[in-house]
Protein chains: 2
Amino acid sequence: MFSTASNPKVAIAAMAAMKPQLATMDELFSTSPRETLEMGEGLFWEGDRAQHIFEITEGVLRIFKIIADGRRVITGFLYAGDMVGLSLKNVYLYSAEAVTPVKVRRLTRKAFQDAIENSPELRPQLFSLMCDEMAAAQDQMVLLSRKSAEERLCSFLMMLGQRQSGQTQMPKTIQLAMSRQDMADYLGLTIETVSRTVTKLIQRGIITPNGRHAFDLTKPGKLLALCGDGDSYEDVGDPAVKTRQAVWPH
Amino acid sequence: MFSTASNPKVAIAAMAAMKPQLATMDELFSTSPRETLEMGEGLFWEGDRAQHIFEITEGVLRIFKIIADGRRVITGFLYAGDMVGLSLKNVYLYSAEAVTPVKVRRLTRKAFQDAIENSPELRPQLFSLMCDEMAAAQDQMVLLSRKSAEERLCSFLMMLGQRQSGQTQMPKTIQLAMSRQDMADYLGLTIETVSRTVTKLIQRGIITPNGRHAFDLTKPGKLLALCGDGDSYEDVGDPAVKTRQAVWPH
DNA sequence: CGCGATCTTGATATGCGTCAACTGCGGTGG
DNA sequence: CCACCGCAGTTGACGCATATCAAGATCGCG
């Protein structure tokens with residue numbers, strides 16, 4: 001249902017019809033000035049009046065909640081092309097901070113709403129983004145619910161790898177934009193457990209450190225097998241791994 | 001942004017304009033026959049070709065994924081008025097089964113898509129539902145990431161209570177439609193831990209069993225305090241805490 | 001009344017959290 | 001240019017919450 005945002009047919013159809021309407025989310029934000037955030041700077045806070053929608057054009061953002069005793073739960077990382085601030089509440093339901101230097105463009109909620117309502121091209125794209133976000137949230141629930149520390153970390157590295165390679169094969173180097181503490185808060189672990197688990201993967205030769213914030217993938221097949229995403233025939237796992245790649249091109 | 005699904009103004013405006021278009025999701029499905037599912041029966045499975053969208057008119061559905069070693073993660077429970085099957089993938093990303101006897105109505109994806117595209121009344125309602133689902137998913141991530149067994153169970157009971165009372169005050173009895181195993185798979189615990197934690201709450205007089213699948217709320221205030229959702233008067237942080245309460249009408 | 005399914009309770013194991021010390025790197029100032 | 005400082009990350013020792021394994025207990029149903 002609904003064409004996906006990445007489907008080029010959407011844009012082509014719009015051009016053919018010579019519509020003056022906006023055809024991509026990026027165009028929608030194109031009239032807004034870019035704003036920059038320094039590393040660690042906040043974009044908005046949970047509970048703030050939600051007046052704007054933001055499009056990230058560069059960098060990495062973390063969105064998180066703080067609970068009772070002050071602990072932080074990072075519910076997601078957002079990258080160039082993602083939007084943040086979508087909600088129908090009058091306040092933001094989470095906080096957003098720059099992990100790296102970030103560039104964003106903003107639109108008022110009203111302007112955004114009007115554009116969406118008036119553009120049959122944009123609506124499916126928004127729907128698509130929301131569905132992807134929902135699917136990611138469910139995968140994260142599986143991770144937090146049942147995966148071991150090792151499975152969590154491997155899943156996370158795979159996710160980063162896939163993002164960096166743009167859906168093609170795994171890159172040979174994975175860049176980590178975030179700190180160990182960020183990883184811990186995203187994976188539902190402590191910083192110590194993340195550190196120990198990384199060390200174990202290195203000792204097993206599955207990844208090799210490449211500076212403090214990057215790893216080389218020395219055994220990508222093993223990494224995938226350790227994700228705990230099933231279809232594994234237990235210890236063996238290599239042919240099964242291929243199957244999954246075919247079935248879930250994600 | 002966008003009126004919420006529960007905002008009566010939407011329907012009133014539509015009537016005033018005498019539009020022939022569908023004004024509520026329920027009307028959208030009203031031409032489809034009701035289908036019934038027995039307790040435990042499946043509606044669709046993860047990986048099935050996703051051909052339909054379903055509206056639940058009665059009963060409770062669980063949606064879940066099965067991972068590697070056969071363990072099950074329930075990512076949500078759905079109730080009358082909810083829709084299930086929304087996605088832009090060609091296959092369902094999770095399975096759906098009846099927890100209680102369930103009645104549903106179905107629409108093909110195409111019919112649903114067309115209706116949404118043609119109805120300015122329906123679109124904000126769909127958007128609203130998706131936003132609520134996203135907010136619930138994030139709350140669940142917080143629960144799974146950082147809450148103790150007791151906090152998880154109390155949060156779950158509060159959620160059930162709020163649903164049953166229709167956003168008003170807590171009801172004095174909470175009905176559990178699901179088994180302990182379902183609760184465990186939803187809360188990221190084992191059935192034994194759920195059972196023990198329930199027993200502890202009973203012994204502390206916070207809840208009182210009322211049959212095997214219902215509890216009376218003897219100390220609703222205590223239950224709320226044990227959710228771990230902050231706003232606790234704990235030891236420190238009082239000014240900050242008050243601020244947060246004001247900001248989160250939740 | 002008895003059988004199976006669901007739930008509870010108990011004993012033990014373990015993975016991860018906690019607390020604490022240490023390491024190494026990068027920046028800063030003398 | 002080097003010495004120092006501070007922070008991010010690592011490593012180690014230990015404890016605890018929850019999982020696991022194993023009996024019972026209770027409920028519903030034939």
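Excluded from the calculations below are hydrogen atoms, water molecules and symmetry mates; all remaining heavy atoms, backbone and side chain alike, are included. Here is the naming used below: chain letters follow the sequence lines, and residue numbers restart at 1 for every chain.
- The CD atom of B:E133 sits 7.0 Å away from the CG atom of B:L86 when rounded to the nearest 0.5 Å.
- The CZ atom of A:F156 lies 6.5 Å from the CG atom of A:L176; values are rounded to the nearest 0.5 Å.
- Here the shortest heavy-atom pairing between B:T208 and B:T218 reads OG1-CG2, 3.0 Å.
- Along DNA chain D, read 5' to 3', the first and last nucleotides having any atom under 4.0 Å from a heavy atom of chain B are D:dT18 to D:dC27.
- Taking the side-chain hydrogen bond (donor to acceptor under 3.5 Å, both in side chains) definition, one finds that A:E35 meets it with A:R106, sequence neighbours left out.
- Across all their heavy atoms, B:Q164 and B:T173 have their closest contact at OE1-O, 3.7 Å.
- Taking CD from A:Q138 and OG from B:S87, the interatomic distance works out to 9.5 Å, rounded to the nearest 0.5 Å.
- Here A:M130 contributes atom CE and A:M83 contributes atom CE; the two are 9.0 Å apart, rounded to the nearest 0.5 Å.
- How far CD1 of A:I174 is from CD1 of A:I207: 8.0 Å, rounded to the nearest 0.5 Å.
- Counting non-hydrogen atoms under 4.0 angstrom, A:R180 reaches the backbone sugars and phosphates but no base.
- No option in A:R180, A:R72, A:R71 other than A:R72 meets the side-chain hydrogen bond (donor to acceptor under 3.5 Å, both in side chains) test with A:D185.
- Aromatic rings of B:Y94 and B:F64 (six-membered ring for Trp) have centroids beyond the 6.0 Å cut-off, not under it.
- Residues of residues 200-210 of chain B having a heavy atom closer than 4.0 Å to DNA chain D: none are found.
- Of the N and O atoms on the side chains of A:S155 and A:K147, at least one donor lies less than 3.5 Å from an acceptor on the other residue.
- Using a 4.0 Å cut-off between charged nitrogen and carboxylate oxygen, A:R204 and A:E150 count as a salt-bridge pair.
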Does the salt bridge (charged side-chain N to carboxylate O under 4.0 Å, His left out) test come out yes or no for A:K65 and B:D139, once each step is laid out?
CA-CA 9 Å; A:K65 296 186 179 221; B:D139 286 343; 3.0 Å; yes
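- Near-neighbour residues of DNA chain C inside residues 181-197 of chain B, defined by a heavy atom below 4.0 Å, number-ordered: B:E192, B:S195, B:R196.
- The side chain of B:T199 approaches C:dT9 more closely than any other nucleotide in the set C:dG24, C:dT18, C:dT9.
- The shortest distance between side-chain heavy atoms of A:D26 and A:R105 falls below 4.5 Å.
- Contacts between residues 142-150 of chain B and DNA chain C, defined by a heavy-atom separation below 4.0 Å, involve no residue at all.
- For the atom pair CZ (A:R152) and CZ (A:R146), the distance works out to 11.0 Å, reported to the nearest 0.5 Å.
- An angle of 30°, rounded to 10°, separates the two end axes of the helix from C:dC1-D:dG30 to C:dG30-D:dC1, each defined over five pairs.
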